[in-house]
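Just so you know, these numbers use all the heavy atoms, side chains as well, and skip hydrogens, waters and symmetry mates. Just so you know, ligand 1 is whichever comes first in the structure, and atom 1 is the first atom listed for that ligand.
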Amino acid sequence: MNKTKTLLTAIILSLSSTVALAQTTVIKNVQGYTLEENTLHQFTAIQFTDDKIDKLFTNNETIPEHSDWQIIDGKGATLLPGLIDAHGHVLSYGQSLMQADLVGTTTEKEAVKRTVDYAKQNTSVSWITGRGWNQVQWANKSYPSAKTLDEYFPDTPVWLARIDGHAGWANSKAMALAGITKNTQSPSGGEIIRDSNGQPTGIFIDNAMALIEKNIAALTISQQKAILLKAMNSLASLGLTSVHDAGIDNDNLQAFHELSAENKMPIRINAMLYLPSANWQKTLTKGIFHSEDDMLNFNSVKIQADGALGSRGAAMIDDYSDHSGHKGLLLHDEAALKSYINTAMKAGFQVNTHAIGDNANKIVLDVYQDLIKTTDTKKLRHRVEHAQILRLQDIPRFSELGVIASMQATHATSDKNMAIDRIGNERILGAYAWRKLLNANAIIAAGSDFPVESPNPFFGLHASITRQDKHNSPQGGWFATEKMTRIEALKSFTLDAAYSGHQEQLTGSLLPGKKADFILLRDNYFTIKEAELWQNQVLQTWVNGVEVYRKAVK
Ligand SMILES: [Zn+2]
């Protein structure tokens, strides 16, 4: 062996020991679908090398044979681009998996019972926390009170968040720890609900929730990482390959940074920094961030203009139909809102503002209209989160301003019974109005707002297409003219959600050069009966060319 050859061999050996060789994988025998703009393409096999797609094969093309390629038989499963939830709350979802689950309770008594059962199984916690009650779905439709909790929890503080996260239910111990008395004032943008004697009942709305929550020990970053991982793995099992986390603080962002640096992220996260949260200005001055593998992206902020409809916190121009004299809550005055948005836009961040009531939406669009011009940031694709109740004249403003409507179809099917009570028959025509927005050329990024709703994207696709809940109610669909087609619904959960995160060049569809983010499904999304769309099951989830979830075979 001559010297050069020895040297070459040594180099090759050292290279191969430090750099993994590229791995090419083919998944064949699939019913594959992807979108290009609004056109649906079909394929029967997908080839990718490491994280990137090389090629899609159609029926009559032969798959080349290479001994070092990994060939996987898809066994006829449906293959779709990975689904993207443009608005969810990963840490709260993770916590909801570890707290008392009050979703679906039908009475206050049942909610209390579930909390008691949870407490029996979680004896080491110093606070009993839970989430998911919704008095609108209870027979008497009225808010619960501290008293029913006090009976079982005289000495342990209890704090139970409403399903929408916009109200909390405390027991007397939790209120005592917070020093809440008859004389405690409601903070601005919040409300302490009181009985006829002026005594706080235990219900705290929006900004008033912090009065109680400040006493619950904050999670450490390592606790957060464990919860985030649990949540992300659960989200991957539902077919989500990417999630936009709608409003996190610096510690939560730090936890994601660490997970990303440790290569532990099973799905992509687009983090929105919540404004105002501790040190937000400082974080914005550091600028936007993309990890090398694009698993973690931080280029947006979340601001909240108003509350939610269920708790009558959504800011309306006119009175609530079921509460005269009440117009909801704006969380910031217009000057403060403008200042947050202006600072974020100037720092080069996409601004995603929560607006549910028609007044909040109008104000946010007005502020965007002004500031997009003065900061010249139309290209940052600012968003309105929820865009739930719109005056008809505000609908065309989304496409005019290049503002994305980030909407959650399952909110419509969950709210349908309550929404008309709250806003009446006229204003409802601009509510959850995704067809009117699409007709006005708006881009809709779909999501679920988990844990407010289930993160299962098939529930959202089903609601988008049918305007029905999972019991297929109401017949024909609720305001059926607002339905989306299957292609439109898929686009809102893939390409347009990717666009809303500035990632449509990377994800959202399956094309050579894009990321290998896709899912294999039990049922064919395009041929399954409408009523069964929500029942689809994810068999495999692949992100960045790596299988991150596989359904256990029974
Ligand atoms: Zn949200």
Q) Where the side chain of Ser492 meets the backbone of Ile444, is there a donor-acceptor pair that is under 3.5 Å apart? A) no

Q | Pairwise side-chain contact, Gln388 with Tyr432, heavy-atom cut-off 4.5 Å (strictly under) | A | yes

Q.
Closer than 3.5 angstrom, by distance alone: can the side chain of Asp206 be matched with the main-chain N or O of Gly189 as a donor-acceptor pair?
A. no

(Q) Once rounded to the nearest 0.5 Å, what's the spacing between atom CG of Leu83 and atom CG of Leu490? (A) 7.0 Å

Q) So, is His87 placed with an N/O/S atom under 2.8 Å from the Zn ion (ligand 1), counting both backbone and side chain? A) yes

Q. Which atom, counting only N, O or S, brings Asp449 closest to the Zn ion (ligand 1)?
A. OD1

**Q.** Contact flag His354/the Zn ion (ligand 1), N/O/S atoms, threshold under 2.8 Å
**A.** no

